[in-house]
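Remarks on the structure that follows.
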Amino acid sequence: MLNTKDILETISMIQDENLDIRTVTMGISLIDCIDPDIDRACEKVYQKICEKAKNLVPVCEEIEKTYGIPIINKRIAVTPIAMLAAACKGQNPVKFAHTLEKCAQTCGVNFIGGYSALVQKGFASGDKELMESIPEALATTEHVCASVNIGSTKAGINMDAVKMMGRIVREAAELTADRQCIGAAKLVVFCNAPEDNPFMAGAFHGVGEADTVINVGVSGPGVVRAALAKLPKDAPIDQVADLIKKTAFKITRMGQLVAKEASTRLGFPFGIVDLSLAPTPAIGDSVAYILEEMGLETCGCCGTTACLALLNDAVKKGGVMASSHIGGLSGAFIPVTEDAGMIAAATDGTLILEKLEAMTAVCSVGLDMINIPGDTTAEVISAIIADEAAIGMVNSKTTACRLIPAIGKKVGDTLSFGGLLGEGPVMAVNTKSPKVFIHRGGRLPAPMQSLKN
């Protein structure tokens with residue numbers, strides 16, 4: 001039973017500590033929209049998405065009013081579009097991107113994800129065509145997000161795809177240089193991409209999912225930080241972990257409530273709750289501040305990786321008890337431009353790219369929203385992607401890169417995206433050339449961990 005203390009605590013979390021539901025994401029399968037005529041396929045896509053998602057935004061707004069819980073984003077994720085493009089040989093897949101943009105505008109959602117390809121073991125029909133079209137697709141749309149999965153623990157890393165993506169990331173930034181290179185900020189390169197991730201820009205609807213599902217992503221870094229602030233500074237570290245677990249449980253229970261309610265009202269099955277701590281640029285709503293509350297002077301100093309490992313583990317342990325279905329990414333995000341504490345640490349030079357890479361070995365995703373110098377070569381970008389994918393492959397976890405080459409800018413300059421994407425400094429990158437390695441191509445073999453059968 002709920003008591004007065006629990007109710008007041010939840011109200012305080014929402015009003016004072018930035019607790020919210022970060023996203024309710026409707027996943028929609030487009031398999032039945034495949035057609036060799038791209039115009040007919042696009043019409044089927046538009047009709048299906050708009051029919052399924054017509055009530056998504058109104059229902060989420062009703063839930064907000066009923067329970068007083070902010071739902072910040074309403075989103076749609078669809079079947080990887082490369083699968084539809086495979087049937088439309090010789091036709092420009094950007095038409096699908098423009099159809100998705102039209103769907104997003106009609107349904108009133110913040111983002112629509114799934115302009116994606118899964119090429120971890122090689123290229124199927126339609127994959128290369130879609131990948132080559134990503135820069136144009138992102139430059140000519142506002143709400144469409146793209147992703148490419150270039151590796152997995154089972155398959156290894158597709159180094160030909162890695163080489164392509166370094167160039168494609170640069171092109172996406174170049175085509176949107178007049179808009180703070182926003183194209184690259186809507187593009188994620190994955191290793192071990194999950195099929196039920198509700199968070200953008202990497203969301204897509206996996207082929208193993210039901211026709212239409214409701215997935216929810218929670219937030220709550222400010223709540224965790226506020227709870228830790230009440231602990232004595234000499235409290236042992238296992239007490240810190242225990243408090244984070246209890247707090248994550250409360251946050252996730254709220255996510256479960258919203259997910260079940262949205263599922264019931266929309267008439268589609270509940271998929272998962274992603275219990276990731278997703279920060280925002282708002283002061284206090286920061287994963288970096290949690291790490292500093294544990295006892296670090298500044299995020300990025302020695303001890304940061306250990307603190308982040310504790311946080312990620314405690315969040316999972318607490319959250320998994322609060323929902324019948326946990327999925328997606330589920331952990332702690334460390335996007336530099338979206339986290340006030342990360343922005344400050346990167347600006348003063350304490351948080352550097354190499355330390356961020358070490359942190360990604362124990363956190364939820366990877367090198368997320370990293371602004372790099374505009375003259376960074378495609379080969380260096382590819383090599384950063386390869387390094388991050390290797391961490392994910394060997395550790396059997398999801399890793400990703402969302403790198404933004406700041407065209408025309410250098411280290412110390414700033415890119416500003418506004419909204420949840422925030423702003424951040426351009427960070428230094430090691431410029432020694434990995435060109436020979438990247439141009440070898442082929443497939444980096446899967447590790448021994450892949451042989452589990």
Side-chain angles (χ1 to χ4, degrees), residues 82 85 93 115-139 146-177 181 183-184 187-193 202 353-354 356-357 360 366-368 370-395 399-408 410-411 426-447 450:
Y115 199 77
S116 307
L118 311 179
V119 297
Q120 58 268 25
K121 208 168 183 177
F123 301 101
S125 179
D127 288 336
K128 283 188 177 179
E129 291 83 353
L130 182 123
M131 291 166 66
E132 292 288 359
S133 75
I134 285 174
E136 180 187 351
L138 297 181
S147 61
V148 178
N149 191 65
I150 51 83
S152 72
T153 300
K154 290 292 287 183
I157 300 173
N158 182 346
M159 293 301 295
D160 293 314
V162 169
K163 179 172 70 172
M164 283 182 67
M165 290 312 298
R167 173 175 54 81
I168 288 165
V169 168
R170 265 204 68 88
E171 290 177 5
E174 289 168 350
L175 288 182
T176 53
C181 308
L187 171 59
V188 182
V189 186
F190 273 116
C191 177
N192 289 321
L353 188 63
E354 288 76 12
L356 276 165
E357 185 178 292
T360 64
L367 294 172
D368 196 13
I370 311 292
N371 299 328
I372 59 177
D375 60 357
T376 305
T377 66
E379 288 86 3
V380 168
I381 296 170
S382 292
I384 296 171
I385 292 169
D387 283 345
E388 194 58 34
I391 290 173
M393 178 185 72
V394 171
N395 289 289
T399 53
C401 286
R402 192 158 41 147
L403 305 171
I404 302 100
I407 306 302
K410 60 185 185 303
V411 174
V426 177
M427 301 180 71
V429 172
N430 188 325
T431 57
K432 295 295 183 182
S433 177
K435 185 174 182 178
V436 173
F437 166 61
I438 293 302
H439 283 274
R440 287 181 183 276
R443 181 151 57 96
L444 198 154
S450 66

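Note: hydrogens, waters and symmetry copies are ignored here, and every other heavy atom, side chains too, is used. A quick note: this is a predicted structure, and the numbers were derived from the prediction, not measured. Residues take their numbers from the sequence shown, with the count starting at 1.
In this structure, the side chains of T176 and L138 stay at 4.5 Å or more apart for every pair of heavy atoms. A 4.5 Å side-chain heavy-atom check between M164 and V119 finds every atom pair outside the cut-off. Proximity of L187 to M165: side-chain heavy atoms (C-beta onward) are separated by under 4.5 Å at one or more points. Taking 4.5 Å as the limit, some side-chain heavy atom of E379 sits within range of a side-chain heavy atom of H439. Two residues are said to be in side-chain contact when any heavy atoms from C-beta on lie closer than 4.5 Å; K435 and T377 fail this criterion. By the 4.5 Å heavy-atom criterion applied to side chains, L353 and L367 are counted as neighbours.
Closest non-hydrogen pair, A389 versus T399, comes out as CA-OG1, 3.9 Å. Residue S133 comes nearest to P93 through the heavy atom pair OG-CG, 3.6 Å, listed as atom of the first residue, atom of the second, then distance. When all heavy atoms are compared, the tightest approach of I157 to A386 is CD1-O, 4.2 Å. Closest approach of G202 and V188 over heavy atoms only: N-CG2, 3.8 Å. A pairwise comparison of heavy atoms in A400 and F190 identifies CB-CD2, 3.5 Å as the closest pair. In terms of heavy-atom proximity, L118 sits nearest to D127 at O-OD2, 4.0 Å.
S152 places no side-chain N or O within donor-acceptor distance of the main-chain N or O of N192, the cut-off being under 3.5 Å. In this structure a side-chain-to-backbone donor-acceptor pair under 3.5 Å is present from N149 to A193. In this structure a side-chain-to-backbone donor-acceptor pair under 3.5 Å is present from R443 to A155. When atom types are taken as modelled, the side chain of R170 and the backbone of G374 share a donor-acceptor pair closer than 3.5 angstrom. Using modelled atom types, one side-chain atom of D160 and one backbone atom of G442 make a donor-acceptor pair closer than 3.5 Å.
A salt bridge does not link E388 to R402: none of the charged nitrogens lies less than 4.0 Å from a carboxylate oxygen. For the pair E132 and K128, the salt-bridge criterion is not met [side-chain N within less than 4.0 Å of a carboxylate O].
If you take CD1 on I370 and CD1 on I404, they are separated by 7.5 Å, rounding to the nearest 0.5 Å. Rounded to the nearest 0.5 Å, atoms CD1 (I134) and OH (Y115) are 7.0 Å apart. A distance of 9.0 Å separates CD1 in I438 from OG in S433, rounded to the nearest 0.5 Å. Put simply, CD1 on I381 and CD1 on I385 are 7.0 Å apart, with the number rounded to the nearest 0.5 Å. Rounded to the nearest 0.5 Å, atoms CG (L403) and OG (S382) are 10.0 Å apart. Rounding to the nearest 0.5 angstrom, the gap separating the CD1 atom in I150 from the CD atom in Q120 is 9.0 Å.
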task: Take T431 and T376 through the test side-chain contact (heavy atoms from CB on, under 4.5 Å) and record every step on the way to the result.
output: CA-CA 7 Å; T431 57; T376 305; over 6 Å; no

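Heavy atoms from other residues, nucleotides or ligands lying under 6.0 Å from NZ of K121 number 12 at most.
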